[in-house]
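Down below is the structure, laid out as structure tokens.
Scope of the values below: all heavy atoms of this structure, side chains included, with no hydrogens, waters or symmetry mates. All values reported here derive from a predicted model rather than from experimental measurement. Naming convention: chains lettered A, B, ... in sequence-line order (proteins, then strands); numbering from 1 in each chain.
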Amino acid sequence: MADELPKTPMLDELEKGPWPSFVSEIKMAAKRSPASKDLLGILERSYQEKIGHWKHGGIVGVLGYGGGVIGRYCDVPQDFPNVAHFHTIRVNQPAGWYYKTDALRKICDIWEKRGSGMTNMHGSTGDIILLGTSTDQLEPIFEELTAIGFDLGGSGSDVRTPSCCLGKSRCEWACYDTMAACHDFTKNYQDELHRPAFPYKFKFKFSGCPNDCVASVARADMSIIGTWRDNIRIDQKAVGDYASAGVDVTKEIVNLCPAKCMDWDGKMLKIDNSTCRRCMHCINVMPKALRPGKDTGACILIGSKAPIVEGALLSSVIVPFIKMEPPYQEIRDLVERIWDLWCDEGKNRERIGEFIQRVGLGNFLEMIEVEPAAQMVAHPRENPYVFYEEYFEEGEEEAEN
Amino acid sequence: MADELPKTPMLDELEKGPWPSFVSEIKMAAKRSPASKDLLGILERSYQEKIGHWKHGGIVGVLGYGGGVIGRYCDVPQDFPNVAHFHTIRVNQPAGWYYKTDALRKICDIWEKRGSGMTNMHGSTGDIILLGTSTDQLEPIFEELTAIGFDLGGSGSDVRTPSCCLGKSRCEWACYDTMAACHDFTKNYQDELHRPAFPYKFKFKFSGCPNDCVASVARADMSIIGTWRDNIRIDQKAVGDYASAGVDVTKEIVNLCPAKCMDWDGKMLKIDNSTCRRCMHCINVMPKALRPGKDTGACILIGSKAPIVEGALLSSVIVPFIKMEPPYQEIRDLVERIWDLWCDEGKNRERIGEFIQRVGLGNFLEMIEVEPAAQMVAHPRENPYVFYEEYFEEGEEEAEN
Amino acid sequence: MADAPKKRTTDIGPPHYEQFLPPAIKKNYGQWKYHEILRAGVMKHVAENGDAVYTVRAGGSRLMSIDKIRMICDLADKYADGHLRFTSRHNIEFMFTDEKKIDTLIADLKKIGHPVGGTGPSITSIVHTQGWVHCHSAATDASGIVKSVMDAVIGHFENMDLPAKCRIALACCLNMCGAVHCSDIAILGIHRRPPKINHDLLHKTCEIPNVVSACPTAAIKPTTVNGKPSVTVDEERCMFCANCYTVCPSMTLNNPLNDGVSIWIGGKVSNARHEPMFSKLAIPYIENNPPRWPEVVEAVVNIIDVWKNNARKYERIGEWIERIGWPNFFKLSGIEFGKMHIDDFKHAGLTFKRSAQLTY
Amino acid sequence: MADAPKKRTTDIGPPHYEQFLPPAIKKNYGQWKYHEILRAGVMKHVAENGDAVYTVRAGGSRLMSIDKIRMICDLADKYADGHLRFTSRHNIEFMFTDEKKIDTLIADLKKIGHPVGGTGPSITSIVHTQGWVHCHSAATDASGIVKSVMDAVIGHFENMDLPAKCRIALACCLNMCGAVHCSDIAILGIHRRPPKINHDLLHKTCEIPNVVSACPTAAIKPTTVNGKPSVTVDEERCMFCANCYTVCPSMTLNNPLNDGVSIWIGGKVSNARHEPMFSKLAIPYIENNPPRWPEVVEAVVNIIDVWKNNARKYERIGEWIERIGWPNFFKLSGIEFGKMHIDDFKHAGLTFKRSAQLTY
Ligand code: SRM
Ligand code: SRM
Ligand code: SRM
Ligand code: SRM
Ligand code: SF4
Ligand code: SF4
Ligand code: SF4
Ligand code: SF4
Ligand code: SF4
Ligand code: SF4
Ligand code: SF4
Ligand code: SF4
């Protein structure tokens, strides 16, 4: 195979220092893979010239699927023929990113044979990313992946691979089973995931509590965040233990509570749960003393995304509270009403968040048959430009629509 | 004169109850004035029919002035001939709304002779409002008003009568002399006040401290609000007196400080003045113990207005701090640069605040030659859509504009 | 306008304020040290040199006859050497140095129907506008509602029994002549039907391009009716702001069957504690019910009661609701939340709840 | 795409997670009671029944060779019965019940170059994107900057010595593949020149209406060049977002002379204390300076130091600056404030300072 590595004086600088070096990784792979060897070379050239050497897109894929492969070609194939093609394969990760080594090793074996040997564990959306192969390898890779129980992820205008925090598997705060839900949704929407038919991409992310350890509020078209409706559980003795151990309950907890709903007199911690915002701070600081309530479930938010085109969005509340029990029928129904509407009325490359910005939240709720709730707004409108839909007709006494 | 008052069964209901009754006021005036008698009648009709009976506008005024009179005609002159004309006259109030009774009585005498005898003390902008007269009375009224030392206010697309809080005349917190500044600006801009030549109205309001007792931040194109740059003056003994007298310094002051910059250990009140926001709260609660600093002046904000057309605006910072000393030359220069720009580039009926929204604050600052300061924004931009104006040209090493 | 004739006096501006200052005010101008509120409507300001000035604040009616002004002048002559002032919220203040005058002045004010109060954590006069008394644009009357509300809440004017100041304002149309958009409680006159267009007159009275550009939602398009240039309004887009009417008399919005008021809450102006805030929609529509608008009065009283009973000291309405959250406000007040509360204008997206910080 | 042949296996989705759970995790699934952080990168989770599981978190390199994955599998086999997981920020976690394995595992990880840390009030791995390694759109490299910054701040990865968590992210262009827009510190690749248009190719490679509508500032207009349909860009309106390039390969933005990075700070995602916030512009432009981008590293280190030295416990960067005010941040950090910091996009007006609450 590739015996001698190219000279990479600039990249070599990035093998120094304590943090794991991606350059060393590519060099390891390059020992075996001509593609990774050329990747080293072309990257060194980018570092010299301060510009990337990858051409724009190109549609490649596996039979019957529309997503899952990102086509990539370099713009200097004469110099780096082994990365003339350098496609990426996205693979659905198991919920929570748990693995047994045998499964991982099987993936490595496929990738040793049919790709560059370079991966991302994982991509930003959450997929296993197999980085760099050529068009002729796609079908064989797909066949071998499915044979070991893995399938492709999304790309293009489809459902993207859902992801979740580790939830109930290891976290005491999980208000619902994020891994179960994530797996269920991923399986249930395989068709929508593999065959792009939407105006644009659609991402689900599942976090077990408002700490939101998968950043769902910032980067999911639907963010499903665990929470509770009843009271925070308090172990007063354990609060006292924290205090004795040096936690300044007033300064570090009471004064930082955004709802200003706590009181600590040195003996008793009181929480006004009617105004508690379920922010998690007090629980985070004293995990042995405080726990979320028992009437748990999730709130659902919709529409976050990166800035392109109309500016970045955070997800906003669409279902203030819902119990999370399989088969999640109520959520599936909601999702399908939303997709139907969006497919009918959404513009090309208009994410659901932008669609709602365009048609208005009030109208959107009407179209998807959801009742408005005060939890859906930070505050009611400030401008007086109200579209009154009810009024009296001459001679009438009752308001009509 | 008008002997018998019209029957006003609905309005009579508004003579009941403890709050001063405007109906009783109109009735008093109606004893002498036919216009006020018809005002009673037409108002009763409005109450019956739930609709006003005034026609839209109509330009009337005094010679050489373009503002100061609001033309008003009723739409049922056949029934109420004495309010066929019912124009309003706006009169510049003295700064701080202080009067001696002889001056007020002289105004009353003019208005007894030449108007309805009804007034607003004062209008929302701050003028003395003389409510209801006919076109032929305008010139005589103007002549008699100027003879006793009063002049008309603004209306239409001009400077409106400036107003101010009572400031140093009675308030210990005034950080500059609001009444002096208000009087100075009113006198200095008489021409702009009386002869509309702007794209739209322009209002000045002067408040002596951040309590903003003339609501300048909400309803002035230029809001001049007193503040200080140095440290809050603390009389520790007086703080202790408040505490002994029952003020819970921690709960009522320290915990409500928006900057979280105070500390009270039961003996000593500490303030981190570098992060204090000069909100006034602590000073408001303990006026004997705390006072604004000594390096006083004002911050200048620009652009507030009511919602029509593009939505309401609050004024925003354009000069973080300035010393307020007559003849306020720096501010005058700034104002004139702003007016020049706005007259050249502003659209019809575009307030200065809307103009800034349209051209962008950064560009506006450039056009009026003011350096950007971090105090002018709540926070830096969140979106990455930056108009980079500097870049390297091929072959260059230095950035150019 | 033609030039003024030479000898007319013009552009003299207002009289200089100094001549109107009470002597003790003039003497201690800029020398004040601190103040105390002795009771509702009565303040004592103390100067560095120890001088004290007492102020008595009486509720103003704003819409005042010259007869009343003269009575007030009589009181000023009797108690304050002929000096008086009006406040930025149209109340009347008398200042003097002799503490003993306070009670008799208050009694004399009562005789002419003017209560004393409005200082500190109380309700002060309602800032308001013209209404059916003078303006063509009014969707409701101003003075009538103000009188009815003040009659109902006068206890909070005469007593400082609230958590904080409560500033009420009324504007009779969306032009909002006043700081209605930044009030603790705002009462706002509203229309609910699109303009009725007088196609025969429009081309004579209005400049069509101005009319078209006046509409915030671009609902107005130029057209020709019966051979005359005019405009059409896309009724689906109209939200009844009446801005077209402001620039064009031939597009009336006033409609006795559908006009009424809306209630907005939680605004403020001062920088104390929380930065200035706009008021937010609480109640989208209440019918005009003259002469005393009982439903409006009841709504305002309810909001004040709920606030008073639940807020902490120094919390203005907007600060209180920001702490407890709007869902709790709607629950506690019994006001129903609906589609109209959800913003749909320019910056609507920023008012959506973009977090999981929720109350139930 | 054509239909898949019948016998191919499709749409099976990912393997079920349950088969991958470590035994102690599976047993106590949903039964966790509390946790403790024993030291940076080492946690103990305790179940209701008293069972304890230890987690060791190693910094991931994300861009990993299969060789490294195999080494890590070896460690998982040795210490954790062949189980491991990756975190939502690409770190690697090993879980087991025997506390004594902790130290040797950490030593073994060090041997293959992976430090342990990233828990609690620390810096954890930088979330990042492809950069020059794989993406056509990149205005900078991703992995090179990330490596250089992590080398400089590794002390804060291996020690929990910060006021709160500090989440750093990097995206190599405005598409922002990651939560860059909500990070404590975001490093963002940017262009500074308008697209270069290949008029010969454009009509073949791009759908002109799509291109026109892709531009956030409406800078693109259809036109004809040399008889071929193409587009023009109004350079005054272009702010270099590259969205046109995303939909049209014939409009390249990449420009070695002018590309570089900007630094954004103060965003967050969790609901703890403060609601989620977007990051805000701190430094508008730093030149690309490979291989180690020293100016970027210095800028990031400076921000962290200033924050560390001035913030209170539990204050993330955005919360700290919100308390002290942005003028103080600029003063303390020595970063210059200028026109580019002032928003001029859709909701710009709401970012102006609309109060007199000021610091100097
Ligand atoms: C591989 C990945 C980055 C990485 O290094 O991890 C990636 C890579 C690309 N993203 Fe992304 N995005 C990736 C996660 C994201 C995320 C994060 C997330 O999903 O949590 C976002 C922000 C959240 C969001 O969806 O808004 C993201 C927002 C974008 C956007 C902007 C979308 C928008 O509506 O604003 C684009 C542009 C587009 O779609 O046209 C984009 C486009 C792209 C393209 C396809 C480039 C393009 O212009 O067509 C990139 C291909 C790079 C390559 O050569 O492989 N990528 N992209 C991530 C997917 C890996 C995975 O499947 O696990
Ligand atoms: C008399 C007064 C109300 C009152 O009862 O006190 C008033 C009355 C009118 N205002 Fe006003 N405005 C009055 C203070 C205000 C204020 C408050 C202020 O100045 O502090 C505002 C809000 C602040 C602002 O300027 O934005 C105000 C915002 C408006 C607007 C909306 C302007 C905007 O840009 O949004 C209009 C509509 C217009 O200008 O076309 C308007 C228009 C009007 C007109 C001229 C009606 C019209 O559509 O042309 C009203 C004449 C009523 C009449 O019959 O006399 N008035 N107007 C106030 C002036 C008295 C005085 O001079 O002291
Ligand atoms: C007389 C007057 C100024 C004038 O030139 O006319 C005035 C006078 C004083 N104000 Fe004011 N304010 C006056 C209108 C205002 C306004 C404007 C308005 O309401 O339209 C505001 C802004 C209101 C808002 O935020 O919406 C205002 C916000 C304040 C505040 C801040 C209160 C807060 O907590 O938000 C203080 C401080 C305090 O009361 O502790 C204050 C304090 C004061 C003090 C104590 C100042 C002093 O040391 O003398 C004066 C007596 C207060 C009192 O009445 O309790 N004044 N004050 C105005 C009386 C109006 C009235 O008749 O009721
Ligand atoms: C393992 C992981 C979830 C996963 O499924 O992979 C995880 C796990 C835990 N998170 Fe997290 N968080 C993880 C990503 C996140 C993210 C997402 C991100 O950074 O992209 C966030 C949102 C960050 C943000 O706000 O920008 C996140 C915000 C939190 C918070 C809130 C912190 C705050 O004060 O804002 C807590 C509470 C705490 O640490 O006190 C928390 C707490 C925890 C706890 C203590 C939960 C528990 O009881 O076990 C876990 C260990 C925390 C630690 O590392 O100190 N986790 N956590 C993720 C580890 C990432 C990593 O490798 O470093
Ligand atoms: S989001 Fe909540 S439940 Fe999920 S891992 Fe983080 S802290 Fe635990
Ligand atoms: S969860 Fe947050 S809002 Fe609720 S009591 Fe705890 S700190 Fe306060
Ligand atoms: S604004 Fe300040 S200085 Fe002016 S009266 Fe009010 S409290 Fe006094
Ligand atoms: S003025 Fe306001 S910000 Fe400053 S110390 Fe007092 S309460 Fe705090
Ligand atoms: S608020 Fe409207 S109706 Fe009332 S006075 Fe002002 S312009 Fe006239
Ligand atoms: S009322 Fe307002 S929204 Fe309706 S047509 Fe007139 S200007 Fe447009
Ligand atoms: S951020 Fe931009 S350059 Fe980087 S991977 Fe995503 S699309 Fe490509
Ligand atoms: S780079 Fe962005 S702003 Fe410039 S032309 Fe392309 S899409 Fe428009």
Side-chain angles (χ1 to χ4, degrees), chain A residues 10 13-14 17-20 22 25 28-29 46-47 49-52 54 56 63-64 92 94-101 104 108 111 117 119-121 124 146 149 151 168-170 172 179 186-187 190 210-215 217-219 256 258 279-281 287-288 306 308-309 312 314, chain D residues 1 3-4 9 11-15 17 20-21 25 29-30 32-34 45 61-69 73 76-77 82 84-86 88 113-114 132 136 138 143-144 147 150-151 154 175-179 181-182 216 243 249 254 256 269-273 276 288 290-292 314:
Chain A
M10 290 193 92
E13 290 299 312
L14 288 164
W19 192 250
F22 69 101
E25 297 291 325
M28 275 195 264
S46 285
Y47 269 63
E49 297 173 358
K50 303 191 193 177
I51 192 161
W54 303 105
H56 193 298
L63 271 179
N92 280 168
W97 299 287
Y98 281 93
Y99 295 93
K100 273 212 73 174
T101 51
L104 271 182
C108 292
W111 202 234
T119 73
N120 288 149
M121 294 300 284
S124 285
T146 48
D151 199 347
K168 285 191 182 286
S169 75
R170 198 190 65 197
E172 68 268 33
M179 284 168 49
T186 311
K187 292 285 271 194
Q190 283 290 301
N211 280 331
D212 198 1
C213 294
V214 287
V217 80
R219 54 199 190 107
L256 296 183
C279 85
M280 291 296 297
H281 176 68
K288 293 185 194 169
I308 302 293
V309 182
L314 286 162
Chain D
M1 298 262 156
D3 268 353
T9 313
D11 299 309
I12 58 170
Y17 55 88
F20 297 145
L21 297 178
I25 292 288
Y29 197 95
W32 299 103
K33 193 165 173 207
Y34 68 87
H45 284 81
S61 61
R62 201 185 96 116
L63 183 52
M64 239 181 336
S65 62
I66 52 174
D67 310 78
K68 176 59 69 54
I69 297 177
C73 285
D77 288 336
L84 78 165
R85 79 175 286 267
F86 294 84
S88 65
H114 285 261
W132 293 332
H136 62 274
S143 317
K147 161 78 173 139
M150 283 309 293
D151 280 344
I154 193 156
N175 282 339
M176 292 198 186
C177 298
H181 54 303
C182 296
N243 198 39
N254 297 340
V269 155
S270 81
N271 288 279
R273 302 167 308 282
N288 273 330
R292 294 197 66 105
Y314 296 115

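Contact check for D:Pro290 versus A:Met10: side-chain heavy atoms found under the 4.5 Å cut-off.
Rounding to the nearest 0.5 Å gives a distance of 6.0 Å between OH of D:Tyr314 and NE2 of A:His281. If you take NZ on D:Lys68 and CD on A:Glu25, they are separated by 3.5 Å, rounding to the nearest 0.5 Å. The structure places CE of D:Met64 at 5.0 Å from OG1 of A:Thr119, a figure rounded to the nearest 0.5 Å. Rounding to the nearest 0.5 Å gives a distance of 9.0 Å between CG of A:Asp212 and OG of D:Ser88. Between D:His136 atom NE2 and A:Trp54 atom CH2 the span is 13.0 Å, to the nearest 0.5 Å. Rounded to the nearest 0.5 angstrom, D:Leu21 CG and A:Lys100 NZ are separated by 11.5 Å.
Smallest separation of non-hydrogen atoms from A:Gly149 and D:Pro15: O-CD, 3.4 Å. The minimum heavy-atom distance linking D:His45 with A:Glu172 is given by the pair CD2-OE1, 3.7 Å. D:Leu84 and A:Leu104 make their closest contact through CD2-CD1, 3.7 Å (heavy atoms, listed as atom of the first residue, atom of the second, distance).
Taking chain D as the reference chain and counting heavy-atom pairs below 4.5 Å, the highest number among A:Pro94, A:Pro210, A:Cys213, A:Pro258 is found for A:Pro210. When each of D:Ile69, D:Asn288, D:Asn243 is checked for heavy-atom pairs under 4.5 Å with chain A, D:Asn243 comes out on top. Of all the listed residues (A:Met280, A:Lys168, A:Glu13), the one sharing the greatest number of non-hydrogen pairs under 4.5 Å with chain D is A:Lys168. Contact count versus chain A (heavy atoms, under 4.5 Å) is highest, among D:Ala76, D:Gly82, D:Pro216, for D:Gly82. Contact count versus chain D (heavy atoms, under 4.5 Å) is highest, among A:Gly117, A:Ser169, A:Ser124, A:Ala29, for A:Ser169. Annotation: maximal heavy-atom pairing with chain D below 4.5 Å, among A:Ile51, A:Val214, A:Leu256, A:Asn92, occurs at A:Ile51. Of all the listed residues (D:Ser270, D:Ser143, D:Cys177), the one sharing the greatest number of non-hydrogen pairs under 4.5 Å with chain A is D:Ser143. Between chain D and the options A:Met179, A:Lys187, A:Met28, A:Arg170, the largest number of non-hydrogen pairs under 4.5 Å is found for A:Arg170. Counting heavy-atom pairs closer than 4.5 Å to chain D, the top-ranked of the candidates A:Gly52, A:Ala312, A:Pro18 is A:Pro18.
For D:Ile154, the part lying under 4.5 angstrom from a heavy atom of chain A is the side chain only. Heavy atoms closer than 4.5 Å to chain D are found in the side chain of A:Val217, but not in its backbone. Proximity to chain D involves both the backbone and the side chain of A:Lys288, based on heavy atoms less than 4.5 angstrom apart. Residue A:Glu49 touches chain D through its backbone alone, counting heavy-atom pairs closer than 4.5 Å.
Exactly one residue among A:Tyr98, A:Trp97, A:Tyr99 makes a ring pair (Phe, Tyr, Trp, His ring centres under 6.0 Å) with D:Phe86. That residue is A:Tyr99.
For the pair A:Asp151 (side chain) and D:Gly13 (backbone), a donor-acceptor distance under 3.5 Å is present.
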